[in-house]
Amino acid sequence: MLPDIRSQTRDALAEQFKAWSEPAYRLDQVLGWIYAKRASGWDEMSNLPRGLREKLAAAFTLTLPSLVTVQGARDTTRKFLWRLGDGSLIESVLIPANPALYGERSDRHTLCISTQVGCAYGCRFCASGLDGWKRNLEPHEIAGQILAVERWNTGLPADQRVEADRVVNNIVVMGMGEPMANYENLTAALRSLNAPWGAGIGARKITISTSGVVPRIRNLADEPEQFRLAISLHGATDDVRVQIMPINRKYPLRELTAACEYYVEKKGKMITLEYILIAGVNAGREQVIPLASLARRLHAKVNLIPYNTVEGLAWKRPEEDACRAFAAAVEAQGVTTTLRLEKGHDIDAACGQLRLKTERALAETGGSPAAGGQ
Ligand code: SAH
Ligand code: SF4
């Protein structure tokens, strides 16, 4: 099988073009077609000589995930189910900015993307790992989710389309899978989405969420790009965290905290601590002080998300009042805290964790100066 052109680095492609005796500007044209114009076939690249298109077609594929279904309506969250080349299914979620909440233009959207098929980390509350891990996504399958959503938008009837060049202004890597366990492919994809020769999405508008893969947090801190980091904390003490997140055995809070400190110090960027509220597990008052001290120590903000019930799992979200009280108690400790309580979460219930991403991404865009910018 041929490799996909979007899984090649720019340097590797430059080498290839040299070997073909093609001038460098031709590569820029090709990349422009792929990332700026979201092309999905060589024949669309009308300003390239036919000979080059043939060489490209013989060396690389240029495929986008194919759309299986899209749920949701205009101006609301839309869920995309994609089929990949090998038949695997993944999801992405498109979340419109809420102009009422954040005063943004209505063409601002966040896309929550997946990085693996399944997940090997086995957090006890999570739907993604229920069927185990199948495989890592390739860079073109990660970046392809953004490009495919934008192509899908262009194909809509005019009255349903988002009238903007770029539909996706923010990316949250909070879909299926542990992004840091697919680090090389993830960073390759994000680099081409971020680069000026690629999709040109600002690094500050890209947030990676991890369950706490400590060495990779340090690697990310050492990267030149200023990608944002969110930590799935879900427990502020080891004894609570270890009950629901097996990764805490390998990387306990002390090590996770040290890696986060390293990240914050290197990047000068605020991180987010994600904290799902699960009744009877981590939503008791005794977690408030450890959570607040951790957040203060890391200069982090805290996103509280009432647990979204997953079919087949017994965990439950606390009552609304209990969620509010927990949030207020953390806030009272001097920590910036967000709590997203939404009514009518029934339409999202089926997809388990995808809903959570909606909440989270909204909290992210609300909290980041990037959201309103540009
Ligand atoms: N593997 C990464 C990113 C994907 S999961 C991580 O764990 O951070 C994205 C977020 O969804 C994580 O914070 C995860 O803990 C959370 N999550 C998973 N299942 C959930 C559920 N049923 N309700 C609320 N949040 C959930
Ligand atoms: Fe994997 Fe993240 Fe789900 Fe844990 S919460 S099982 S790391 S996707």
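Small disclaimer: the values here were computed from a predicted structure and weren't measured. First listed ligand is number 1; within each ligand, the first listed atom is number 1. In this chain, numbering begins with 1 at the start of the sequence shown.
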> Do L27 and W197 touch side chain to side chain, with heavy atoms closer than 4.5 Å?
Replying inline: no

>> So, taking the atom named CZ in R161 and the one named CG in N153, what distance separates them when rounded to the nearest 0.5 Å?
In response: 7.0 Å

> Is it the side chain, the backbone, both or neither of W315 that has a heavy atom closer than 4.0 Å to ligand 1?
Replying inline: neither

> Is ligand 1 less than 4.0 angstrom away from at least one heavy atom of A230?
Replying inline: no

> Looking only at heavy atoms of P179, does any of them come nearer than 4.0 Å to an atom of ligand 1?
Replying inline: yes

> Do the charged groups of E223 and R191 touch, with an N to O distance under 4.0 Å?
Replying inline: yes

>> Below a 4.0 angstrom heavy-atom separation, can you tell me which part of T210, side chain or backbone, both or neither, approaches ligand 1?
In response: backbone

>> Which residue is it: R38, H109, Q145? I am looking for the one with a side-chain hydrogen bond (donor to acceptor under 3.5 Å, both in side chains) to E150.
In response: R38

> Going by the order shown, which atoms of ligand 2 are within less than 4.0 Å of some heavy atom of C126?
Replying inline: 3 (Fe), 5 (S), 6 (S), 8 (S)

> Any non-hydrogen atom of G175 lying under 4.0 Å from ligand 1?
Replying inline: yes

> Which option out of S128, G177, P246 puts a heavy atom nearest to atom 2 (Fe) of ligand 2?
Replying inline: G177

> Under the 3.5 angstrom rule, does the side chain of S88 hit a backbone N or O of V117 as a donor-acceptor pair?
Replying inline: no

> Given M245, E178, M174, Q116, which has its nearest heavy atom closest to atom 9 (C) of ligand 1?
Replying inline: M174

>> Distance under 4.0 Å to a non-hydrogen atom of N308: what atoms of ligand 1 satisfy this?
In response: 21 (C), 22 (N), 23 (N), 24 (C)

> Does an N or O anywhere in E274 fall below 3.5 Å from an N or O of ligand 1?
Replying inline: no

> What are the atoms of ligand 2, with element, lying closer than 4.0 Å to any heavy atom of Y121?
Replying inline: 7 (S)

> When you look at E141 and R135, which way does the salt bridge (charged side-chain N to carboxylate O under 4.0 Å, His left out) test go after all the steps?
Replying inline: CA-CA 12 Å; E141 294 169 327; R135 70 170 174 90; 2.9 Å; yes

> Can you tell me if S232 has a non-hydrogen atom under 4.0 Å from ligand 2?
Replying inline: no

>> Quick test of your reading of the model: are E44 and R151 salt-bridged, counting only N-O distances below 4.0 Å?
In response: yes

> What part of C123, side chain from CB on, backbone N/CA/C/O, both or neither, has a heavy atom under 4.0 Å from ligand 2?
Replying inline: both

> Should you measure from each heavy atom of V310, which atoms of ligand 1 turn up under 4.0 Å away?
Replying inline: 22 (N)

>> With heavy-atom distances below 4.0 Å as the criterion, list the atoms of ligand 2 near S211.
In response: 7 (S)

>> Under 4.0 Å, heavy-atom basis, I'd like to know which part of M176 is in contact with ligand 1: side chain, backbone, both or neither.
In response: neither

>> Can a donor-acceptor pair be found, under 3.5 Å and without considering hydrogens, that links the side chain of R241 to the backbone of L233?
In response: yes

> Do the ring centers of W152 and F80 come within less than 6.0 Å of each other?
Replying inline: yes

> Which of the numbered atoms in ligand 1 are below 4.0 angstrom from a heavy atom of Y307?
Replying inline: 21 (C), 22 (N), 23 (N)

> Between the side chains of T115 and N136, is a donor N or O closer than 3.5 angstrom to an acceptor N or O?
Replying inline: no

> Looking at E178, which atoms of ligand 2 are within less than 4.0 Å of one of its heavy atoms?
Replying inline: 7 (S)

> Should R6 and E138 count as an ion pair when the cut-off is N to O under 4.0 Å?
Replying inline: no

> What are the atoms of ligand 1, with element, lying closer than 4.0 Å to any heavy atom of G177?
Replying inline: 1 (N), 2 (C), 3 (C), 4 (C)

>> Here's a test for you: under side-chain hydrogen bond (donor to acceptor under 3.5 Å, both in side chains), which of E178, E274, H234 qualifies with S211?
In response: E178

> C126 heavy atoms, cut-off 4.0 Å: which ligand 1 atoms fall inside?
Replying inline: 18 (C), 19 (N)

> Which atoms of ligand 1 have any heavy atom of S232 under 4.0 Å away?
Replying inline: 6 (C), 7 (O), 8 (O), 12 (C), 13 (O), 15 (O)

> From D222 CG over to I217 CD1, what is the distance, rounded to the nearest 0.5 angstrom?
Replying inline: 12.5 Å

> Quick one: which ligand 2 atoms are inside 4.0 Å of a heavy atom on C119?
Replying inline: 1 (Fe), 6 (S), 7 (S), 8 (S)

